[in-house]
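These notes concern the structure reproduced below.
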Amino acid sequence: MKIGLVARADQSGLANQTLEFYRHIKPHRTLVMDLSAVADPVDHCNKEVYLDRYQQGEVMHFKGLVPTEPVMYEFLDGLDVIFGAETFYTWDMLKIANSKKIASVLQYNYEFLDYLVKPNLPQPTLFASPSPWKYNNLKFDNKLALPVPIATDRFSPAIPPHLPKNFLHVVGRPAIHDRNGTIDLLKALRFIRSNITLTICCQRPSYVTDIMARHRINPPRNINLVLQGPKKNYWENYSDQHVAILPRRYGGLCLSLNEALGNHIPTVMPNISPNNQWLPKTWLTPATEKATLAARDLITVYQTHPQHIAGKIDNITTSSSWYREAHETAKKISEEYSWATLKDRYLLALQRAIDMV
């Protein structure tokens, strides 16, 4: 089958997601969207574009947010199926594909899924859910579960120490309602009694310093706080880290979790969906409803109490058995969700879409 991919080559999560699809599925043709010209001036992740990441197969580049009709026709010519993560950047892509009987698979993010409010838009052949979060809320029959695989070959997990000391929090690109719970984590610092190093990775480091200034947060002496800006390669964020802390406020796909697992790093998260559907209970912390977010659907926003985060960190730093078992569990989960394990599932999904057309 001739597969087409709509991809990104910047520092965004969508770029990492589509790049790994490209590496492992090896599509016949790839359309790389270059959004650098329309990037938010205060953000980092869309500004720098690395087109050299795409060199195999037929590769097309488009500079802008919406591909033109000639570009779409050239991209779609002769393909059997196209794949996109979250978006195809214009509904005309699916309109043209459907008219040419080219199958399509959209790996959607539920909170940004326009079909929830506009069900009559041109539809993909298959809606592919990257996580079990809100899966049953999607009322279309042409859907399937398709987890985002972990590129385990990107990582070089080290032999874990007896007790963890290096903790990691990935903000990535700051999102609405402080999605990764950075505020809750920073508020937890004063309750932590262990001597730890906490590394916070953020595409826009001023986001973190602004939070600390606004809430008058000063790390205590027992915490070595390291604020790390963007790196070219996402997997570099996880080197020399022992445990990740992600008090995430609402569900959906969490690439930082996948990436941490790829380096066999156990990850502490709130006890909400989808975390509690595939992570061990011993990794989860209590969470309470805080607000609602009006995205394409009404989404519950959660809060993790800072003292629960601090208590979890202190328990982890004093329990070699917890860390040893959690490290091994992270390794097993990463293997279960690796590209080596899930690649055939992707190929079957793409072929299913073709057969449906």
Side-chain angles (χ1 to χ4, degrees), residues 1-10 12-35 49-109 122-130 142-154 234 253 255 338-357:
M1 57 181 151
K2 288 189 176 182
I3 302 166
L5 167 67
V6 179
R8 293 266 287 277
D10 45 52
S12 64
L14 289 176
N16 297 337
Q17 188 177 344
T18 52
L19 175 61
E20 297 304 346
F21 180 98
Y22 170 84
R23 290 180 60 233
H24 292 88
I25 297 297
K26 297 178 172 53
H28 174 76
R29 186 178 299 133
T30 303
L31 173 60
V32 181
M33 300 291 294
D34 177 355
L35 272 59
V49 178
Y50 303 90
L51 299 178
D52 59 342
R53 292 174 177 173
Y54 296 89
Q55 294 186 345
Q56 297 183 0
E58 296 180 18
V59 180
M60 301 171 56
H61 303 136
F62 180 79
K63 197 173 183 68
L65 186 60
V66 179
T68 61
E69 189 172 281
V71 167
M72 287 187 284
Y73 272 99
E74 182 182 355
F75 168 66
L76 292 168
D77 184 48
L79 295 179
D80 298 311
V81 60
I82 58 173
F83 181 91
E86 187 174 275
T87 177
F88 286 107
Y89 299 92
T90 171
W91 302 118
D92 287 342
M93 180 75 79
L94 289 176
K95 184 178 179 180
I96 297 170
N98 292 343
S99 70
K100 295 169 70 67
K101 297 192 181 303
I102 297 170
S104 54
V105 177
L106 177 64
Q107 193 166 50
Y108 63 88
N109 286 322
Q123 278 195 28
T125 312
L126 279 176
F127 290 97
S129 175
N142 54 329
K143 66 179 182 180
L144 82 168
L146 196 64
V148 174
I150 300 169
T152 52
D153 62 314
R154 295 292 203 185
Y234 70 84
L253 172 63
L255 290 176
S338 69
W339 267 106
T341 301
L342 295 179
K343 180 178 177 179
D344 285 348
R345 186 166 167 179
Y346 269 69
L347 294 174
L348 286 171
L350 293 165
Q351 186 59 56
R352 176 181 168 185
I354 292 171
D355 293 343
M356 289 172 66
V357 170

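The residues of the chain are indexed from 1 along the displayed sequence. These values consider heavy atoms only, across backbone and side chains, with no hydrogens, waters or symmetry-generated copies.
Between Tyr346 and Pro149 there is a side-chain heavy-atom pair separated by less than 4.5 Å. Taking the side chain as every heavy atom from C-beta outward, Leu253 and Gln107 never approach each other to under 4.5 Å. Side-chain contact between Asp92 and Glu69 is absent, with no heavy-atom pair separated by less than 4.5 Å. Looking at heavy atoms from C-beta onward, Arg23 lies in side-chain contact with Asp153 at the 4.5 angstrom threshold. No side-chain heavy atom of His61 sits less than 4.5 Å from a side-chain heavy atom of Asp34. At least one side-chain heavy atom of Asn142 sits less than 4.5 Å from a side-chain heavy atom of Phe127. Between Phe62 and Met72 the shortest side-chain heavy-atom distance does not fall below 4.5 Å. Using a 4.5 Å cut-off on side-chain heavy atoms (C-beta onward), Leu35 and Leu65 make contact.
Note that the CG atom of Leu146 and the OH atom of Tyr108 stand 10.5 Å from one another [nearest 0.5 Å]. In this structure, CG in Leu126 is found 10.0 Å from CG in Leu106, a value given to the nearest 0.5 Å. A distance of 6.5 Å separates CG in Leu350 from CD1 in Ile25, rounded to the nearest 0.5 Å. Note that OG1 of Thr30 and CD of Glu58 are 9.0 Å apart. Values are rounded to the nearest 0.5 Å. Taking CG of Leu76 as the start and CE of Met93 as the end, the distance is 5.5 Å to the nearest 0.5 Å. Note: Arg53 CZ to Leu51 CG = 9.5 Å, rounded to the nearest 0.5 Å.
Contact record, Val59 with Tyr22: CG2-OH, 4.4 Å, taken as the closest heavy-atom pair. Taking each heavy atom of Thr152 and Ser338 in turn, the nearest pair found is CG2-CB, 3.8 Å. Nearest heavy-atom pair, Leu14 versus Thr18, reported as atom, atom and distance to 0.1 Å: O-OG1, 2.8 Å. Across all their heavy atoms, Gln123 and Leu94 have their closest contact at C-CD1, 4.0 Å. In terms of heavy-atom proximity, Ala9 sits nearest to Ala15 at N-CB, 4.1 Å. In this structure, Arg29 and Glu74 approach most closely via the heavy-atom pair NH1-O, 3.5 Å.
Phe21 and Trp339 have perpendicular rings, their planes meeting at more than 60° on a 0 to 90° scale where under 30° would count as parallel.
For Gln17 and Glu86, the side-chain atoms include no donor-acceptor pair closer than 3.5 Å.
Of the possible polar contacts, one joining the Thr125 side chain to the Ser104 backbone as a donor-acceptor pair under 3.5 Å is found. Under the 3.5 Å distance criterion, the side-chain polar atoms of Lys343 are matched with a main-chain donor or acceptor of His24. With hydrogens and angles disregarded, a donor-acceptor distance shorter than 3.5 Å links the side chain of Tyr54 to the backbone of Arg8.
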**Item:** side chain to side chain contact (heavy atoms under 4.5 Å, CB included) between Leu255 and Tyr234, intermediate numbers included
**Value:** CA-CA 10 Å; Leu255 290 176; Tyr234 70 84; over 6 Å; no
**Asked** Could you go step by step and tell me if Gln351 and Asp355 meet the side-chain hydrogen bond (donor to acceptor under 3.5 Å, both in side chains) rule?
**Response** CA-CA 6 Å; Gln351 186 59 56; Asp355 293 343; 3.0 Å; yes
**Prompt:** Can Val148 and Glu20 be said to form a side chain to side chain contact (heavy atoms under 4.5 Å, CB included), step by step?
**Reply:** CA-CA 10 Å; Val148 174; Glu20 297 304 346; over 6 Å; no
**Request:** Check step by step if side chain to side chain contact (heavy atoms under 4.5 Å, CB included) holds for Leu5 and Phe83.
**Result:** CA-CA 5 Å; Leu5 167 67; Phe83 181 91; 3.9 Å; yes
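For Lys143, the NZ atom counts as densely surrounded, since its 6.0 Å shell holds more than 12 non-hydrogen atoms of other residues, nucleotides or ligands.
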